[in-house]
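Scope of the values below: all heavy atoms of this structure, side chains included, with no hydrogens, waters or symmetry mates. Sequence lines set the chain letters: A, B, ... in the order given, protein chains first and strands last, and positions in each chain run from 1.
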Amino acid sequence: MRQVLLTDRAETLEAPADVRRTNLSEQEPAAYDVHATEKKWLPVWTALDPFRADDDDPREKRYALTMFPYPSGDLHMGHAEVMALHDVIARYWWLRGYNVLNPIGWDSFGLPAENAAIKRDEHPATYTYANIETQAESFRRYAVSFDWSRRLHTSDPEYYRWTQWLFLRFRERGLAYRKFSPVNWCPNDQTVLANEQVVNGMCERCGAEVTKRELSQWYFKVTDYAQRLLDDMEGLHGTWPERVLAMQRNWIGRSEGAHVDFTLNLADGSSKPVTVYTTRPDTLYGATFMVVAADAKLAGEIVAPAQRAAYESYLAGVRKESDIERLSTDRPKTGVDLGITATNPVNGEQVPVWAADYVLADYGTGAIMAVPAHDQRDLDFARAFDLPVRRVIDTGEDNPEVTGIATTGNGTYVNSSSDGLSLDGLTDKAAGIAKITAALVESGEGEGAVNFRLRDWLLSRQRFWGCPIPIIHCPDCGEVAVPDDQLPVVLPDLRGADLKPKGTSPLAAAEDWVNVDCPSCGGPAKRDSDTMDTFVDSSWYFLRYCSPDYTDGPFDPEKVRSWMPAHQYVGGVEHAILHLLYSRFFTKVLHDMGMVDFEEPFQALLNQGQVVNGGKAMSKSLGNGVNLGEMIDAYGVDAVRLTMVFAGPPEDDLDWADVSPSGSLKFLQRAWRLSGDVTSQSGVSFADGDVTLRRVTHKTVHDAESLIDGHRFNVLVARVMELVNATRKAIDSGCGPADPAVREATEAVAIMLSLVAPYVAEEMWERLGHQPTVAKTGWPVVDPALLVEESVTAIVQVQGKLKARLDVAPDIAAADLEALAMAEPAVLAALDGKTIRKVIVVAPKLVNIVIG
RNA sequence: GCGCUCGUAGCCCAAUGGCAGAGGCACCAGGUUUAGGUCCUGGCCAGUGAGAGUUCGAAUCUCUCCGAGCGCACCA
């Protein structure tokens, strides 16, 4: 089926019936022609290019950033929502007189586009750049206030040259390294995946079950920054969504505990030290066995000869398991006895050592002390293999050995003493942990320790459509960096070649490209044939926007200093962990390199909700998809944007079944009609206008400011609707169309509407006798005198119950208000001789009389 | 299981400790119209998931419970 493009439907579909027919009326049209208006203004704006950021503009700078799109097909409803919301902020900043940077680019390397291109038998570059053009045109029609001059694509050599350059700098700092280890493998996409890209054991992209492979791969050492990534989230409270911070905190997964040194007593009579990590060193006396991760190297080294066969067979079974099986809950514990013992450092006790898959090789030390009485997982294991359970904390609950339920709370320590050390009688977990940790430090058998769940970022991909890794493998010199002056390592075209994933990168087959001279010794060598994860590309694009044509580095430090950190980032919550964590990591590394002077790239983050239909995510299988192009053809860009913004709070999911784009269009027509009714001349003094309407206008403009700052765009729209209603009334049954206040109100409507509905706003602006563009005309100036009401309604309560309303001056004194309240008949009746205990007066809003 | 967010008219949502209703959708009536739609005017509708607490006063703050969404989940 032919793809429906936003940009090629406008001429083929007619306007909806309601728009068309109203246009038939005689002289003055009763409704504006949606599509004619779009066609009229788009070329004007393109020519005027009003949203170009100026590095040298002395006005205060504001950086409005939206997550750059991935070029798969045309824009969809999700794009329409995020851009509508984002643009309210950017356009508002323009109107407020800031020097705004609102750039756009494309995250144009990557697997989905590569897969789609292969499926169509196209080259990924052809497919990708065609999509970019389509999306760019759609964005223009959608009238997002982008600075088109800064457009970038991560797949352009001028961009990825610097991605490679950054990789080499990271490597110089020991933050990019190569390691042979088991990795996540997607058998469908034929590539490795980062931990963050494995969702419930499935490939995040294609949904295939992820398996393990042992491969030599490149990693970024994110773990070095774990603590800082955690600590610096403190400064993001209030400006980042709480749930995103929670997700990142969770993902980083800091835990405090201790390393404890046990001694392994091997089958050949020798001994070997082993360290375990535990968050509960205070339960050390309750350790009745030890468990080593089955797939840890250690297990194979220490297993007794008599148990080797059993262990090997168990390990083979573990290796075959997919993550899906491994992660399934309620799964019975499995394991195998390694046939040796370990000595507990505090009491010299010998406990059996087992191997099991519930202990993870790559967390902590890959070995644990098992305390079944106070850890559910250990207890499950103990019960499965009939291992002893010893309670060392009496919490008052039933004995775990009997109930099968481990107790993890506070209680009184028991059975916890040995020579010179005893926890018995303590009742507090923290005290127990502190005491035993101190004792372990003293005896040299352990120490306090911190662990993170965060793993290093695996960045190699065995795919074609990505940024080449600028490393050359030389048989004599080993890994050699491509010298900076030879960057970029350009991705070979390979047009006509078979680019299908085969488990090794297609680049490896490009003989001319792979075989090079070693930059170090000049001998024959080979390029690294993997490409980088696209999240590397997107971890620094926001910096590049500040100086997109800079050729002396990834970005001009001066420009970055003047624009960054971004004041507002808008995008989907699907990037709560991956992209945002990686970008924070990159920023911190660049800070440590002295290239930027800030440590957090995004001051504020707004996650828009998802656009769903009928309560469910749009999907082909459900058949509930809504096509953006069709919506725009039917209702116009403005009505679609307005619908997105008005539907509810931006963070909430937007159910297309609950909204009314036709209602949005009706409102826009209503607003537009005002501009035709105004009869006063442009430039007329508003000061003489009807003060009642002027008050509404100024209050609305004033309130709009904080509503936008608070991202309460839906309320903003409601307030503009009120202003439109008030203006309509003033025209029809109030001060009349010639009153300057009507012009003032209508101009304010046009300006505020330009945030959401730029086309109709521009059309109104022109009909009001102004030149384009309304978007750059400036925010209306609020007269504080008009914010003060002539009179306000004060409420009078007795015991919190409403008794009377009073019209009073806004600046009434508390005592006067109280006196007025006390004189109200309804109040006197309610008091009826009762004792007044207290009178609360909040002038000029309320009086509350408390009686005894 | 843990974490985060959230429960307000038939529906989407306002009310930032002070009269529960701003706006819209849907619905109904009247006017306009040859008619339908548009447009104009008016109307209809809940006591805020349940319970307790703090307070002069709670949709709003606190606690417990119920329900929903999202995220994490054998990380010792």
Side-chain angles (χ1 to χ4, degrees), chain A residues 17-19 21-23 25 30-31 199-200 241-251 253-255 257 276-280 283 291 326-331 333 356-360 362-371 374-378 380-381 451-455 573 576-577 609-610 615 643 646-649 651-655 657-660 662-664 666-667 669-670 673 703 706 710 712 714-722 724-725 728-729 732-733 793-805 837-842 845-851:
Chain A
D18 48 351
V19 178
R21 287 191 190 139
T22 45
N23 248 353
S25 59
V199 177
N200 292 327
E242 207 48 50
R243 61 174 172 157
V244 171
L245 296 176
M247 283 161 78
Q248 292 217 357
R249 201 178 305 118
N250 215 315
W251 191 261
R254 184 182 199 272
S255 80
V276 301
Y277 174 71
T278 176
T279 53
R280 293 297 302 275
T283 61
V291 186
R326 239 178 49 73
L327 290 173
S328 74
T329 48
D330 310 332
R331 183 161 156 273
K333 291 279 183 289
D357 65 352
Y358 84 92
V359 172
L360 308 175
D362 58 354
Y363 181 79
T365 62
I368 64 156
M369 64 178 213
V371 184
H374 306 296
D375 182 286
Q376 191 60 49
R377 296 154 301 186
D378 296 344
D380 293 343
F381 193 83
N451 249 295
F452 295 95
R453 300 178 43 161
L454 184 69
R455 309 297 207 273
V573 73
I577 297 173
Q610 222 190 332
T643 302
F646 183 52
E651 309 84 2
D652 286 9
D653 279 354
L654 187 168
D655 195 330
D658 292 336
V659 298
S660 171
S662 66
S664 298
K666 262 160 63 175
F667 163 70
Q669 301 284 14
R670 208 170 133 75
R673 247 179 282 122
D703 292 353
S706 53
R712 295 168 57 228
N714 55 323
V715 186
L716 166 77
V717 172
R719 297 299 304 278
V720 175
M721 287 174 170
E722 281 181 72
V724 168
N725 291 343
R728 181 83 261 152
K729 234 174 204 147
D732 291 346
S733 58
T793 303
I795 56 165
V796 183
Q797 302 173 325
V798 176
Q799 292 295 78
K801 290 196 176 61
L802 181 69
K803 292 297 171 194
R805 293 188 178 84
R837 284 223 327 238
K838 199 172 179 184
V839 180
I840 315 285
V841 182
V842 184
K845 289 195 299 189
L846 128 154
V847 177
N848 187 16
I849 301 157
V850 188
I851 52 182

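Across the protein-nucleic acid pair, Phe667(A) atom CZ and U38(B) atom C1' stand 17 Å apart, rounded to whole Å. Atom CD1 in Ile577(A) sits about 12 Å away from atom C1' in A73(B), given to the nearest Å. Between the CG atom of Leu802(A) and the C1' atom of G47(B) there is a distance of 15 Å, rounded to whole Å. At whole-Å resolution of the value, CG in Asn250(A) and P in C2(B) are 13 Å apart. Ile368(A) has its CD1 atom 9 Å from the C1' atom of C74(B), to the nearest Å. Distance Asn451(A) CG to A76(B) C1': 9 Å, rounded to the nearest Å. Asp652(A) has its CG atom 13 Å from the C1' atom of A14(B), to the nearest Å. Atom P of nucleotide G3(B) and atom CD of Gln248(A) are separated by 19 Å, given to the nearest angstrom.
In a base pair of the Watson-Crick type (N1 to N3 plus N6-O4 or O6-N4) or a G-U wobble (N1-O2 and O6-N3), with each distance short of 3.5 Å, C25(B) is matched with G10(B). Summarising the base pairing, C39(B) is matched to G31(B) through a Watson-Crick or G-U wobble pair whose two defining distances lie under 3.5 Å. Here C45(B) sits opposite no nucleotide as a Watson-Crick or G-U wobble pair (both hydrogen-bonding atom distances under 3.5 Å). Remark: A50(B) base-pairs with U64(B). Criterion, Watson-Crick or G-U wobble with two distances under 3.5 Å. Using N1 to N3 plus N6-O4 or O6-N4 for Watson-Crick, or N1-O2 and O6-N3 for G-U wobble, each under 3.5 Å, A76(B) pairs with nothing. A59(B): no Watson-Crick or G-U partner with both key distances under 3.5 Å is found in any strand.
When the C1' atom is used for both C45(B) and C11(B), the distance is 12 Å, rounded to whole Å. For the P atoms, the distance linking G71(B) with G18(B) amounts to 35 Å, nearest Å. Comparing the P positions of G10(B) and G47(B) gives a spacing of 8 Å, expressed to the nearest Å. Spacing of C1' atoms, G17(B) relative to G53(B), comes out at 15 Å, to the nearest Å. For the C1' atoms, the distance linking U48(B) with G36(B) amounts to 40 Å, nearest Å. Between A73(B) and C13(B), the distance separating the two C1' atoms is 34 Å to the nearest Å. Rounded to whole Å, the P atom of U55(B) lies 31 Å from the corresponding atom of A14(B). Here the separation of U60(B) from C27(B), taken at their P atoms, is 34 Å to the nearest Å.
Between Asn250(A) and Arg453(A), some side-chain heavy-atom pair lies under the 4.5 Å cut-off. Asp362(A) has its side chain within reach of Arg455(A): a pair of non-hydrogen atoms, C-beta onward, lies under 4.5 Å apart. Arg670(A) is not listed as a side-chain neighbour of Met721(A), based on a closest heavy-atom distance of 4.5 Å or more. Between Ile368(A) and Asp378(A), the closest side-chain pair of non-hydrogen atoms falls below 4.5 Å. Side-chain contact between Glu651(A) and Val573(A) is absent, with no heavy-atom pair separated by less than 4.5 Å. The side-chain heavy atoms of Asn714(A) and Pro649(A), taken from C-beta on, include a pair separated by under 4.5 Å. When side chains are defined from C-beta on, Asn725(A) does not count as touching Lys729(A), because their heavy atoms never get closer than 4.5 Å.
Residues that satisfy the ring-ring contact (aromatic ring centres under 6.0 Å, His included) test with Tyr277(A), not counting sequence neighbours, are His259(A). Scanning for ring-ring contact (aromatic ring centres under 6.0 Å, His included) contacts around Phe667(A) gives an empty result, with sequence neighbours left out. Under the salt bridge (Lys or Arg N to Asp or Glu O under 4.0 Å) criterion, Glu722(A) pairs with Arg719(A), sequence neighbours left out.
Taking 90° from 0 as the syn/anti boundary, the base of G37(B) is oriented anti.
In this structure, Arg254(A) reaches neither bases nor backbone, as no heavy-atom distance under 4.0 Å exists between it and the strands shown. Among the atoms of the strands shown, none is found under 4.0 Å from any heavy atom of Pro241(A). Counting non-hydrogen atoms under 4.0 angstrom, Thr793(A) reaches a base of the nucleic acid.
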Taking only nitrogen or oxygen atoms into account, show me every contact under 3.5 Å that the protein makes with nucleotides 51-59 of chain B, one pair per line with its distance.
residue	atom	partner	partner atom	Å
C56(B)	OP1	Lys838(A)	NZ	3.2
C56(B)	O2'	Asn848(A)	ND2	3.3
C56(B)	O2	Asn848(A)	ND2	2.4

At a cut-off of 3.5 Å, list every protein nitrogen or oxygen paired with a nitrogen or oxygen from nucleotides 4-6 of chain B, distance to 0.1 Å.
residue	atom	partner	partner atom	Å
C4(B)	O2'	Arg243(A)	N	3.4

Using a cutoff of under 3.5 Å, can you pull out all pairs of nitrogen or oxygen atoms linking the protein to nucleotides 22-29 of chain B, with atom names and distances?
residue	atom	partner	partner atom	Å
A22(B)	O2'	Glu722(A)	OE1	2.9
A22(B)	O2'	Glu722(A)	OE2	2.2

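Nearest approach of Val291(A) to Ala370(A), heavy atoms of both residues: CG2-CB, 4.3 Å. Taking all atoms of both residues into account, the shortest heavy-atom contact from Gln248(A) to Ala576(A) is NE2-O, 2.8 Å.
Note that Lys333(A) lies in the cation-pi zone of Tyr358(A), set by a 6.0 Å cut-off to the ring centre and a 45° limit from the axis.
For Arg805(A) and Asp732(A), each mapped to the nucleotide of RNA chain B holding its nearest heavy atom, the one lying further toward the 5' end belongs to Arg805(A).
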Give the C-alpha distance, both sets of side-chain angles, the deciding distance and a yes or no for side-chain contact (heavy atoms from CB on, under 4.5 Å) between Val850(A) and Gln799(A).
CA-CA 5 Å; Val850(A) 188; Gln799(A) 292 295 78; 3.4 Å; yes

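Here the side chain of Lys333(A) is nearest to one of C74(B), G18(B), A76(B), namely C74(B). Closest to the side chain of Tyr363(A), from the set A76(B), C74(B), C39(B), is A76(B).
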